[in-house]
Asks: 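Below you will find the structure I want to go over with you.
Proteins get letters first, then strands, A, B, ... in listed order; numbering begins at 1 in each.
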Amino acid sequence: MSLHLFNTLTRQVEPFAPLEPPRVTMYTCGPTVWNFAHIGNFRTFLFEDLLRRHLEWSGYDVFHIMNLTDVDDRVIKAAAAAGKRLAELTEPFVRAFFEDRDFLRIKPAHVYPRATQYMTAMITLVQRLLERGVAYRGEDGSVYLAIAKFPGYGRLSQLDRRQLKVGARVASDEYAKDDPRDFALWKKTDAVDEQVGAAWDAPFGRGRPGWHLECSAMSLAEIGERFGVQTLDLHCGAIDLIFPHHENEIAQSEAATGQPFARTWLHGAFLNVKGTKMSKRYGNFLTARDLQEQGVDAGTFRTLVYQTHYRQPLDYTDEALDAARKGSLRLGEFRERLENEDGRRRTGADAGDRLGDLARQLEADVRAALDDDLDSPNALARVFDFVRAANGELDRGAGGSGVAAALAVFDRVMGLFAVLPGGRQVAPELERWVHERLAARDRARKSKDFKEADRIRDELKARGVEIEDTPAGTRWRVV
RNA sequence: GGCGCCGUAGCCAAGUGGUAAGGCGGAGGUCUGCAAAACCUCUAUUCGUCGGUUCGAUUCCGACCGGCGCCUCCA
């Protein structure tokens with residue numbers, strides 16, 4: 001089976017077919033850099049990371065674009081509140097985002113276009129929409145897109161079958177629009193915008209881009225320049241973006257280019273806390289830095305995330321996190337064991353290369369699971385199956401060439417998930433002390449002074465060092 | 001009000017029209033000086049409830065109950 005993905009546009013799992021294989025253009029909606037991203041945001045980025053890695057593993061040549069929204073209502077509000085200019089506010093959060101991304105082992109996108117650096121592209125896009133008569137200047141001086149002029153409007157969110165909530169909201173700009181559902185492409189500047197530097201000159205008036213505009217302008221600019229196309233293969237985000245964000249992106253892009261904006265739309269479910277979405281608004285959020293402070297490593301968090309399918313809500317609890325940590329640790333232990341066995345160049349019988357067979361099966365199983373709409377929980381289940389079976393073979397003395405083969409495959413598969421525990425830095429002085437203590441314990445054990453040996457073990461434990469006696473000597477790690 | 005999603009063991013969580021993956025936890029065992037790790041066995045006659053379709057439904061349809069999301073900034 002080849003890769004199949006659930007396309008929000010059709011609400012069906014369908015075969016993935018990029019426009020010009022092996023190239024795949026992938027656009028993922030990035031963070032708004034008015035603050036730190038929270039782990040709910042990162043759940044989405046992690047789902048996209050898995051998609052990216054699986055595409056590359058499958059032989060595709062992926063070009064990954066992630067935007068950074070550095071001008072919008074929240075950014076302006078936060079800048080004004082802090083008495084800063086736009087860039088002054090956003091720059092530290094951009095850096096923080098990249099740090100968090102690296103901490104969570106998320107592969108960097110190929111480009112991170114920022115809204116403020118694509119003003120020309122955005123202005124050109126609005127201009128084009130005005131020329132085509134799809135956009136109009138409202139009475140308030142802002143530019144709106146007339147959704148009545150775009151027949152396909154509502155296809156993604158099935159809006160054609162929905163009605164606006166009665167009396168839901170009457171925005172201040174409502175009177176300026178021809179149709180309440182029209183949305184702003186370009187917002188006329190106000191005093192606060194000027195104060196923080198969120199204002200640009202355009203033929204249709206001084207203003208700033210509407211929220212949706214940047215994604216259309218930047219993705220079209222990136223793929224247009226590079227590949228001469230105006231259709232993305234993949235466009236991803238979380239489900240809250242389906243409407244209005246993605247719906248509006250489609251309208252403004254397709255109205256301008258006459259081409260499909262994206263072939264496949266993927267949307268991830270939320271990370272919840274006690275059943276409610278994690279959100280800045282509810283204050284129930286945790287940042288990647290909070291995780292780091294709590295000693296939660298990337299392998300643990302990634303395990304937690306990938307043990308739930310990306311279209312299923314994931315409820316974040318300490319218990320689930322702890323279970324994920326144990327699972328990640330188990331995988332790490334196994335990896336270490338393989339490496340050690342390989343290092344010892346076991347001459348044990350190949351046993352028909354059972355390990356190699358298991359490894360090949362694992363690779364096929366994982367590929368099949370991920371091909372099935374990125375069924376990572378299933379894929380990880382196969383990994384754990386493999387670990388159990390391989391440990392069993394190792395226990396029974398399997399060795400030979402199969403070990404190296406298994407290690408190679410295991411590393412390849414782990415490369416998709418990156419769920420292994422992070423290596424912890426150990427202070428040289430602690431390391432010296434541990435070695436000295438272990439030597440002392442060895443002497444005690446040799447002379448059958450187990451009381452002393454156990455005392456030393458407790459001593460080590462007290463400083464967070466756990467030990468494990470193996471035929472090859474005593475192993476230790478800091479927990 | 002409109003559109004959409006979820007409800008599987010103590011917890012987390014896959015999945016299929018043909019009789020329930022995996023992780024964590026728990027019980028017992030093997031190995032070990034003891035631990036730890038690893039391995040073995042066991043841990044859901046049952047998939048929110050009630051109906052319907054079917055030879056057969058957790059899986060399809062309907063109703064209901066419970067939880068949630070979007071429609072307003074949103075990963």
Asks: To the nearest angstrom, how far is Asp395(A) atom CG from rA38(B) atom C1'?
Replies: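 Distance, rounded to whole Å: 5 Å.
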Asks: If only atom types and distance count, is the side chain of Arg302(A) paired as donor or acceptor with the main-chain N or O of Phe417(A) below 3.5 Å?
Replies: yes
Asks: Closer than 3.5 angstrom, by distance alone: can the side chain of Thr474(A) be matched with the main-chain N or O of Thr470(A) as a donor-acceptor pair?
Replies: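 Checking the backbone N and O of Thr470(A) against the side chain of Thr474(A), no donor-acceptor pair under 3.5 Å is found.
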Asks: Provide the Watson-Crick or G-U wobble partner of rC5(B), both distances under 3.5 Å; none if there is no partner.
Replies: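 Across all strands, the one nucleotide that pairs with rC5(B) is rG67(B).
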Asks: Just the atom pairs and distances: protein N or O near nucleotides 33-36 of chain B's N or O, under 3.5 Å.
Replies:
from, atom 1, to, atom 2, distance (Å)
rG33(B), O6, Arg441(A), NH2, 3.3
rG33(B), O6, Arg445(A), NE, 3.4
rG33(B), N1, Asp454(A), OD1, 3.0
rG33(B), N2, Asp454(A), OD1, 3.3
rG33(B), N2, Asp454(A), OD2, 2.6
rC34(B), O2, Arg457(A), NH1, 3.3
rC34(B), O2, Arg457(A), NH2, 2.3
rC34(B), N3, Arg457(A), NH1, 3.0
rC34(B), N4, Asp469(A), OD2, 2.9
rA35(B), N6, Asp469(A), O, 3.4
rA35(B), N1, Asp469(A), N, 2.9
rA35(B), N3, Arg457(A), NH1, 3.2

Asks: Counting only Watson-Crick pairs (N1-N3 plus N6-O4 or O6-N4) and G-U wobbles (N1-O2, O6-N3), all under 3.5 Å, who is the partner of rU30(B)?
Replies: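 WC or wobble partner is rA38(B).
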Asks: Answer yes or no: does a side-chain N or O of Asn391(A) lie under 4.0 Å from OP1 or OP2 of rC39(B)?
Replies: yes
Asks: Show your reasoning for whether side-chain hydrogen bond (donor to acceptor under 3.5 Å, both in side chains) applies to Asp72(A) and Thr69(A).
Replies: CA-CA 7 Å; Asp72(A) 86 328; Thr69(A) 301; over 6 Å; no
Asks: Looking for any heavy atom pair under 4.0 Å, which part of the strands does Ile242(A) touch: base, sugar-phosphate only, or nothing?
Replies: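 Ile242(A): no heavy atom of the nucleic acid under 4.0 Å.
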Asks: Taking only heavy atoms on the protein side, list every residue of residues 272-279 of chain A lying under 4.0 Å from any atom of RNA chain B, sorted numerically.
Replies: Gly275(A), Thr276(A), Lys277(A), Met278(A)
Asks: I'd like a table of atom pairs between the protein and nucleotides 7-13 of chain B - only N or O on both sides, under 3.5 Å - with the distance next to each one.
Replies:
from, atom 1, to, atom 2, distance (Å)
rA13(B), O3', Gln307(A), O, 3.4
rA13(B), O2', Gln307(A), O, 3.3

Asks: For Phe183(A), what residues pass the ring pair (Phe, Tyr, Trp, His ring centres under 6.0 Å) criterion, not counting sequence neighbours?
Replies: His212(A)
Asks: Going by ring pair (Phe, Tyr, Trp, His ring centres under 6.0 Å), name the residues that satisfy it together with Phe150(A), two or more places apart in sequence or in a different chain.
Replies: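 Phe150(A) satisfies ring pair (Phe, Tyr, Trp, His ring centres under 6.0 Å) with no residue once adjacent residues are dropped.
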Asks: Once you round it to whole Å, what is the distance between C1' of rC31(B) and CG of Leu394(A)?
Replies: 15 Å
Asks: Whole Å only: how far is the CZ atom of Arg101(A) from the C1' atom of rA75(B)?
Replies: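 Spelled out: CZ on Arg101(A) to C1' on rA75(B) is 17 Å.
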Asks: Which part of the nucleic acid, if any, lies within reach of Asp322(A) when heavy atoms closer than 4.0 Å are counted: base, sugar-phosphate only, or nothing?
Replies: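 Answer is nothing: Asp322(A) stays at 4.0 Å or more from every strand.
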Asks: Between Arg475(A) and Asn378(A), just flag the one whose closest nucleotide in RNA chain B comes earlier from the 5' side.
Replies: Asn378(A)
Asks: Using whole Å, what does the distance between atom P of nucleotide rC71(B) and atom CZ of Arg181(A) come to?
Replies: 15 Å
Asks: Could you tell me whether Glu336(A) and Arg475(A) make a salt bridge, using a distance below 4.0 angstrom between a side-chain N and a carboxylate O?
Replies: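 Counted as a salt bridge, because a side-chain N and a carboxylate O are separated by less than 4.0 Å.
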Asks: Expressed as a whole number of Å, how far does the P atom of rG67(B) sit from that of rC73(B)?
Replies: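 That atom pair is separated by 27 Å.
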Asks: Using the closest heavy atom to pick a nucleotide of RNA chain B for each, name whichever of Val387(A) or Ala238(A) lands nearer the 5' end.
Replies: Val387(A)
Asks: Has the side chain of Arg53(A) got a donor or acceptor atom that lies under 3.5 Å from a matching backbone atom of Leu50(A)?
Replies: no
Asks: Would Glu363(A) and Arg360(A) satisfy salt bridge (Lys or Arg N to Asp or Glu O under 4.0 Å), going step by step from the backbone distance to the final call?
Replies: CA-CA 5 Å; Glu363(A) 196 156 15; Arg360(A) 277 181 285 279; over 6 Å; no
Asks: Would you mind telling me which of Leu104(A), Leu291(A), Val296(A) makes a side chain to side chain contact (heavy atoms under 4.5 Å, CB included) with Ile39(A)?
Replies: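 Only match with Ile39(A) under side chain to side chain contact (heavy atoms under 4.5 Å, CB included): Leu291(A).
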Asks: Anything under 30° is parallel, anything over 60° is perpendicular, the rest tilted; go ahead and classify Trp265(A) against Phe261(A).
Replies: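 Geometry flag for Phe261(A) against Trp265(A): tilted rings.
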Asks: Using the C1' atom as the point on both nucleotides, what is the distance between rA9(B) and rG2(B), in whole Å?
Replies: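 Comparing C1' positions in rG2(B) and rA9(B) gives a spacing of 37 Å.
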Asks: Report yes if a side-chain nitrogen or oxygen of Arg330(A) is closer than 4.0 Å to either non-bridging phosphate oxygen (OP1 or OP2) of rA38(B); otherwise report no.
Replies: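 Checking Arg330(A) against rA38(B): at least one side-chain N or O falls below 4.0 Å of OP1 or OP2.
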Asks: To the nearest Å, how far apart are Asp73(A) CG and rC73(B) C1'?
Replies: 7 Å
Asks: Quick one: does any side-chain atom of Ser142(A) pair with a main-chain N or O of Gly138(A) as donor and acceptor, under 3.5 Å?
Replies: no
Asks: Given that both distances must come in under 3.5 Å, which nucleotide forms a Watson-Crick or G-U wobble pair with rC60(B)?
Replies: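 Pairing partner: rG52(B).
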Asks: Under the side-chain contact (heavy atoms from CB on, under 4.5 Å) rule, collect the residues that match up with Glu222(A), sequence neighbours excluded.
Replies: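 With neighbours one apart ignored, the set is Phe63(A), Ile65(A), Val111(A), Pro113(A), Tyr118(A), Arg226(A).
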Asks: Check this one for me: any side-chain N or O of Lys280(A) less than 4.0 Å away from OP1 or OP2 of rC73(B)?
Replies: no
Asks: Using Watson-Crick or G-U wobble geometry with both distances below 3.5 Å, tell me the partner of rA14(B), or none.
Replies: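 Across any shown strand, rA14(B) pairs with none.
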Asks: May I ask you to test the Leu331(A)-Phe384(A) pair for a side-chain heavy-atom distance under 4.5 Å?
Replies: yes
Asks: Output the single nucleotide from rA14(B), rC70(B), rC39(B) whose closest atom is nearest the side chain of Arg281(A).
Replies: rC70(B)
